[in-house]
Amino acid sequence: MAGYTNSSHSDEDTWQTEMRNIRERNRHMFNNELMSDVFFTVGKSEKMRIPAHKYVMGISSPVFYAMFYGRMAEKGCEIKIADCEPNSFMELLRYIYYDEAKIDPSNVFGILYLAKKYIVPFLAENCVQFLEENIDHQNAFTLLAQARYFCEPKLEEKCWEIIDRETSKVLSSDSFTEIDHETLLAVLTRDTLTVLEAELFKAVKHWAEAECNRKILPPTPENKRSVLSSALYFVRFPVMTLKEFSDDAAQSGILTSDETINIFLYFGSKDDSKVKSFLTHPRPGAHRVYRCTRFPSYGQNWLCEGTNVDSIKFTVDRDITVLGVGLYGISNVEDSSRSFSVDVELLDSHNDVMCTYEGSFFSDVNKHVHDILFDEPVIVRGHRPYIIRVLLKGPSTLGGTDGMRDVIAEGVRFRFDVDEASFNGTTTADGQIPDIVFKI
């Protein structure tokens, strides 16, 4: 057991006259055995004996007032507190004595707990303000759980704002896989998420695998469906593209055969009765997934023989998250039954591959541009060059014309340049890769 004091015999005779105000004098008395009439033994394993003064404690907290001066007041001068760490309790006392607390990520929850327990509301406000100022996509779900635990609706609201605004980043954080089922339901029922449904389903699968591990279950498709339970029905499979559904959800094994068939039938008929269990309208917030379109018009018969790459260089003036690219589809209706094979890479200035997509898709004759989404979103930094390269094999596609070198999309300035490896002919003026799909 350890303890320490902040005074020395040399200044005990002069501190009252040399310190100008009550705050300075109280600072002197903080963690000081001089005139102390109570000791707190704090901690679970490593304990610390901390001196204090009942009067100072009592005028700052109704709980301490009742403890020391109420009808059921403690008779002794030794108080054991085992539900917190000494560091957190010291900061509670520091605030009580002279209105300061050294709050940091390692102790903020401990201090907030004590501020709530001993009803020191302004210290609690300081803790909540610290958390609000330090919310990011990595800790949003962790802080959301704490906001609920401590009944802090303002902090909870701030967490949801981050989750809505930076959905892709938040879903890719480790903290998402650690949320409970109730929170998962709260996420999936939000219309304000800014994420494509296919990306959301990938995150849901990761959560289900983590939940299986927590329940010591093998992460089979059947067990994933079991742990997801009712949450599965809040994934809006019908709003995915046919390709997105075919390549992932339909093959995941999480949906039943009947559900999979009915969703495929819905894609052909748009008959809501075939997918009664699932919502068929997009999340309004998903519209905050943006596009940079570099061609104002297009022509016919861009060759895609799968032997030469189409590529383009680009820079942006601020950090963004790139989700994928848009590619032109077929130029002739007669080719509507044929599929494309496609390889897409995003490279940095060192020609290192940052993310990829490899697969195939059928071109919808009703859509000129088809979204190809990377396996994982990637952050692109402002003022650095990047390259998108596409190897597309299939029938002739549309090809962009009258291309723009500079495009401003949602306040982000894109600048495009020719890539010397674009052997299939795409340039800033014409060709393939009409869109970049991104989030701010």
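Not measured: the values here are computed from a predicted model.
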Does the side chain of Thr194 come under 3.5 Å of the side chain of Thr167 through a donor N or O and an acceptor N or O? yes

Could you check whether atom NZ of Lys243 has more than 12 heavy atoms from other residues, nucleotides or ligands sitting under 6.0 Å from it? yes

Ion pair present between Arg415 and Asp317, side-chain N to carboxylate O less than 4.0 angstrom? no

For residues 105-117, tabulate all N or O donor-acceptor pairs below 3.5 Å that involve a side-chain atom, not counting sequence neighbours.
from, atom 1, to, atom 2, distance (Å)
Ser106, OG, Asp104, OD1, 2.5
Asn107, OD1, Asp104, N, 2.9
Asn107, ND2, Asn87, OD1, 3.2
Asn107, ND2, Lys102, O, 3.0
Tyr113, OH, Asp83, OD2, 2.5
Lys116, NZ, Phe150, O, 3.2
Lys116, NZ, Glu152, OE2, 2.6
Lys117, NZ, Asp83, OD1, 3.3
Lys117, NZ, Asp83, OD2, 2.7

Neighbour count above 12 (heavy atom, 6.0 Å) for Glu420 CD: yes

Is the closest side-chain donor-acceptor distance between His368 and Tyr328 under 3.5 Å? no

Could you tell me whether Lys202 and Glu199 have a side-chain N and a carboxylate O separated by less than 4.0 Å? no

Thr177 side chain to Asp174 backbone, donor-acceptor under 3.5 Å: yes

Using distance alone, with no hydrogens and no angle criterion, decide if Tyr357 and Asp247 have a side-chain donor and acceptor under 3.5 Å apart. yes

Under 3.5 Å, is there a donor-acceptor pair between the side chain of Trp207 and the main chain of Ile179? yes

Does a salt bridge link Arg405 with Asp417, judged by any charged N lying under 4.0 Å from a carboxylate O? yes

With a 4.0 Å cut-off on N to O distance, would you call Arg148 and Glu156 a salt bridge? yes

Do side-chain atoms of Glu244 reach the backbone of Thr241 as a donor and acceptor pair under 3.5 angstrom? yes

Could you go step by step and tell me if Tyr266 and Phe278 meet the ring-ring contact (aromatic ring centres under 6.0 Å, His included) rule? CA-CA 11 Å; Tyr266 170 81; Phe278 302 101; over 10 Å; no

What pair of heavy atoms forms the shortest contact from Tyr65 to Gly58, and how long is it? CB-O, 3.5 Å

Can you tell me if CZ on Arg384 sees more than 12 non-hydrogen neighbours from other groups inside 6.0 Å? no

Exam field: side chain Asn134 to backbone Phe130, donor-acceptor pair closer than 3.5 Å: yes

Using 4.0 Å as the upper bound for N to carboxylate O, is an ion pair formed by Glu133 and Lys158? no

Give the minimum heavy-atom separation between Phe40 and Ala52, together with the two atoms involved. CE1-CB, 3.7 Å

Under 6.0 Å from the six-membered ring centre of Phe416 and within 45° of its axis: does the NZ or CZ of Arg294 meet both? yes

How about Ser175 and Gln138: does a side-chain donor come under 3.5 Å of a side-chain acceptor? no

Taking atom types as modelled and ignoring hydrogens, do the side chains of Asp180 and Thr183 form a donor-acceptor contact shorter than 3.5 angstrom? yes

Pair Lys393-Ser341, side-chain donor/acceptor within less than 3.5 Å: no

Residue pair Thr401 / Ser297, side-chain donor-acceptor N/O under 3.5 Å: yes

Within the 3.5 Å criterion, strictly below it, is a donor on Thr220 or Asn223 matched to an acceptor on the partner's side chain? yes

Could you walk me through whether Phe176 and Phe141 satisfy the ring-ring contact (aromatic ring centres under 6.0 Å, His included) test, starting with their C-alpha distance in whole Å, then the side-chain angles of each, then the deciding distance to 0.1 Å, before giving a yes or no? CA-CA 6 Å; Phe176 172 71; Phe141 280 114; 5.5 Å; yes

Side-chain ion pair, Asp310 and Arg389, N-O less than 4.0 Å: no

Is the shortest side-chain N to carboxylate O distance from Asp191 to Arg283 below 4.0 Å? no

Considering residues at least two apart in sequence or located in another chain, which fulfil the salt bridge (Lys or Arg N to Asp or Glu O under 4.0 Å) criterion with Glu209? none

Residues passing the salt bridge (Lys or Arg N to Asp or Glu O under 4.0 Å) test with Glu211, sequence neighbours excluded, are Arg214, Lys215

